[in-house]
Amino acid sequence: MEKVKSSKRSSNKNQQNQLPFLSILAQDVSTLAFSEKAIFSPILKRWHPLSAGVAVATLHSCYGNELKQFVSSIGELTPDILQVLRAAEKLEKDLVQIAVENSVDSEDGGKSIIREMPPYEAESVVSNLVKSWIKTRLDRLKEWVDRNLQQEVWDPRANKERFAPSSVEVLRIVDEALEAFFLLPISIHAALLPDLTNGIDRCLQHYISKIKSGCGTRSTFVPSMPALTRCSSRSKVSGVFKKKEKFQKAQSRKSQVGTTNGNGSFGIPQLYCRINTLQHIRTELDVLAKRTIVHLRSSESHNNNIANGTGKAFELSAAACLEGIQQLCEATAYKVIFQDLSHVLWDGLYVGEVSSSRIEPFLQELEHYLEVLSLTVHDRVRTRVITEVMKASFDGFLLVLLAGGPARAFSLQDYETIAEDFKFLTDLFWSNGDGLPADLIQKFSTTVKAILPLFHTETDSLIEQFKYMTAESYGSSAKSKLPLPPTSGQWSPTEPNTLLRVLCYRSDETAAKFLKKTYNLPKKL
């Protein structure tokens with residue numbers, strides 16, 4: 001120790017040999033042990049059969065005392081600390097090897113000597129230090145995520161890729177943490193990598209959950225259905241009532257809008273930015289997972305099985321991205337149709353006279369939204385968002401026809417107008433072949449196309465179909481008195497509630513009398 005200390009003092013002046021003190025001491029003790037084995041032990045063996053064993057056990061104990069003091073003072077992982085622990089590990093292997101070789105001929109095979117050499121457990125110390133290093137990094141990452149989220153405004157104009165700047169920062173810190181981990185001069189990367197990747201996965205899941213929180217779902221934006229009423233040809237809504245009805249509806253919608261859109265971070269452009277951000281993270285997670293495998297394969301602890309396992313490194317975050325994209329696409333679509341465009345759909349379409357309140361105003365505004373969407377949303381998720389907008393618009397169209405409230409009434413003559421309007425709506429999404437694929441439009445328009453013929457069916461025939469379907473659903477209990485079928489929301493031409501609703505909005509005496517006699521439905525709310 002004196003020798004090492006004096007050589008360290010002189011080397012500090014020359015700034016040449018900057019190895020940590022205990023690393024040099026380990027090398028010197030190892031040299032001394034091999035010298036002991038080669039020169040002294042063969043002679044001393046005459047008087048003591050395990051002389052080399054006794055020597056290395058003594059050296060092991062002396063160095064162990066120094067190492068113990070050193071380890072107790074460690075605060076965090078540094079290259080110097082790792083160097084000392086690796087030197088200690090190598091020294092221990094050398095000393096144990098000498099003790100074992102020296103004890104080959106002894107009765108217990110050297111067990112008694114080995115028992116006097118309690119292990120340094122350098123690898124365990126390294127492992128604990130790396131775990132502590134990982135925890136510090138993850139705490140820092142969580143802090144950064146929260147800080148970035150607080151400053152995030154989800155403005156798609158923040159960069160040309162139209163995703164949130166906070167995601168760039170968060171992913172940069174993740175990348176830096178992985179890079180730094182593989183730069184640690186350790187031999188246990190593979191064993192400890194899951195600690196790091198699982199922690200990163202949790203932090204990213206937290207970030208992803210914040211991206212979609214507060215954005216609402218389909219049910220947030222779809223208006224509640226008014227109670228069932230009946231109408232007659234004489235109760236075609238007067239212009240005065242129509243305006244009053246529209247005004248009241250608009251007022252009630254405005255109060256709802258206030259609750260679902262309390263601040264600017266949930267506007268449609270902001271929702272587009274959130275969708276783009278999730279898509280960006282999803283793509284980058286794939287890159288990170290592949291880069292991690294490359295790092296692992298080139299590290300000292302290269303192990304094929306473990307390297308293959310890291311393909312699943314960030315799978316929870318990747319799954320959360322997919323789920324978040326789906327939720328936000330749907331929420332965005334229903335917000336556009338039922339909130340932003342409610343004045344031209346829910347509050348405007350077919351209110352009063354069908355011929356004077358057709359779909360054109362709705363289509364004009366929707367087209368504008370679709371143009372902005374196409375320019376803003378990432379091309380990998382654009383079709384998905386437009387598809388959700390289409391589904392929401394078809395839902396809205398059906399809701400107007402089947403649950404539009406007493407301000408709406410349809411005669412048999414209105415069928416052609418309604419069918420033509422729906423064709424205009426599907427044409428908007430087809431866009432002369434530049435829009436959505438025809439088979440996709442066909443798939444999601446099936447329900448509307450199946451229900452529209454009901455508006456062309458004679459009232460008597462509708463009543464008979466309704467009675468038959470209700471009897472089918474309720475069996476013998478429907479014979480004495482027809483039960484009122486509950487609203488399932490699963491519209492179908494064979495579903496009793498759907499048939500009942502077509503009758504409720506049928507503008508003729510036969511339907512009105514049947515509904516009054518059977519269910520005593522009022523003419524207005």
Side-chain angles (χ1 to χ4, degrees), residues 18-24 26 64 66-93 119-149 168-207 281 284-285 287-303 305-307 309-317:
Q18 286 300 306
L19 274 176
F21 171 71
L22 283 182
S23 296
I24 304 166
E66 298 303 315
L67 185 66
K68 206 177 285 180
Q69 285 180 46
F70 172 76
V71 167
S72 67
S73 67
I74 292 172
E76 61 175 335
L77 196 61
T78 65
D80 277 9
I81 287 166
L82 284 169
Q83 214 167 4
V84 167
L85 293 167
R86 292 177 89 174
E89 203 173 2
K90 186 184 178 303
L91 169 64
E92 187 164 54
K93 280 176 185 163
Y120 293 154
E121 293 180 336
E123 193 168 301
S124 164
V125 174
V126 171
S127 176
N128 289 336
L129 283 170
V130 176
K131 282 179 180 175
S132 171
W133 179 92
I134 288 171
K135 186 183 179 304
T136 305
R137 283 278 174 162
L138 292 174
D139 288 346
R140 199 180 304 163
L141 175 60
K142 173 86 167 61
E143 206 177 293
W144 265 94
V145 166
D146 288 333
R147 192 182 307 162
N148 275 288
L149 279 168
V168 181
E169 273 303 296
V170 169
L171 289 166
R172 181 183 62 78
I173 299 157
V174 168
D175 197 33
E176 281 177 7
L178 284 165
E179 287 279 342
F181 174 74
F182 284 107
L183 286 172
L184 294 174
I186 56 174
S187 59
I188 49 173
H189 287 113
L192 294 175
L193 179 63
D195 287 28
L196 179 61
T197 54
N198 292 344
I200 290 172
D201 209 12
R202 283 193 299 275
C203 287
L204 288 174
Q205 278 178 276
H206 170 65
Y207 179 73
I281 293 171
E284 288 302 308
L285 285 178
V287 175
L288 280 174
K290 284 173 183 165
R291 198 180 298 154
T292 303
I293 292 170
V294 171
H295 274 311
L296 200 52
R297 285 187 175 146
S298 58
S299 74
E300 291 177 48
S301 55
H302 171 50
N303 176 325
N305 294 335
I306 296 174
T310 51
K312 300 174 181 175
F314 309 108
E315 63 179 347
L316 293 176
S317 295

Requested in this report: For the residue pair Phe182 and His295, categorise the inter-ring angle as parallel (less than 30°), tilted (30 to 60°) or perpendicular (more than 60°).
Outcome: parallel
What are the two closest heavy atoms between [X] and [Y], and how far apart are they?
X: Pro20; Y: Val84; value: CB-CG2, 3.6 Å
X: Ile188; Y: Ser127; value: CD1-CA, 3.9 Å
X: Ala180; Y: Arg137; value: CB-NH2, 3.7 Å

Query raised in the report: Can you check side chain to side chain contact (heavy atoms under 4.5 Å, CB included) on Ile173 and Arg140, steps first, answer last?
Result: CA-CA 9 Å; Ile173 299 157; Arg140 199 180 304 163; 6.0 Å; no
I want to check something: taking the side chain as every heavy atom from C-beta on, are [X] and [Y] in contact at a cut-off of under 4.5 Å?
X: Lys131; Y: Asp195; result: yes
X: Asn198; Y: Leu316; result: no
X: Asn148; Y: Tyr207; result: no
X: Asp175; Y: Arg291; result: yes
X: Val170; Y: Ile281; result: no
X: Ile24; Y: Phe21; result: no
X: Val71; Y: Tyr120; result: no

If you measure from [atom1] on [X] to [atom2] on [Y], what distance do you get to the nearest 0.5 Å?
X: Leu288; Y: Ile293; atom1: CG; atom2: CD1; answer: 11.5 Å
X: Ser298; Y: His189; atom1: OG; atom2: NE2; answer: 9.5 Å
X: Leu183; Y: Glu176; atom1: CG; atom2: CD; answer: 11.5 Å
X: Leu141; Y: Thr136; atom1: CG; atom2: OG1; answer: 12.5 Å
X: Thr197; Y: Leu192; atom1: OG1; atom2: CG; answer: 10.5 Å
X: Leu85; Y: Leu129; atom1: CG; atom2: CG; answer: 6.5 Å

Query raised in the report: When you look at Arg172 and Glu169, which way does the salt bridge (Lys or Arg N to Asp or Glu O under 4.0 Å) test go after all the steps?
Result: CA-CA 5 Å; Arg172 181 183 62 78; Glu169 273 303 296; 2.7 Å; yes
Query raised in the report: Any ion pair linking Glu89 and Arg86 (charged N to carboxylate O, less than 4.0 Å)?
Result: no
Report task. Using modelled atom types only, decide if a donor and an acceptor are shared between the side chain of Gln83 and the backbone of Ser23 within a distance under 3.5 Å. Result -> no
**Report entry** Among Thr292, Val174, Val130, Ile134, the one residue meeting side-chain contact (heavy atoms from CB on, under 4.5 Å) with Leu196
**Finding:** Ile134
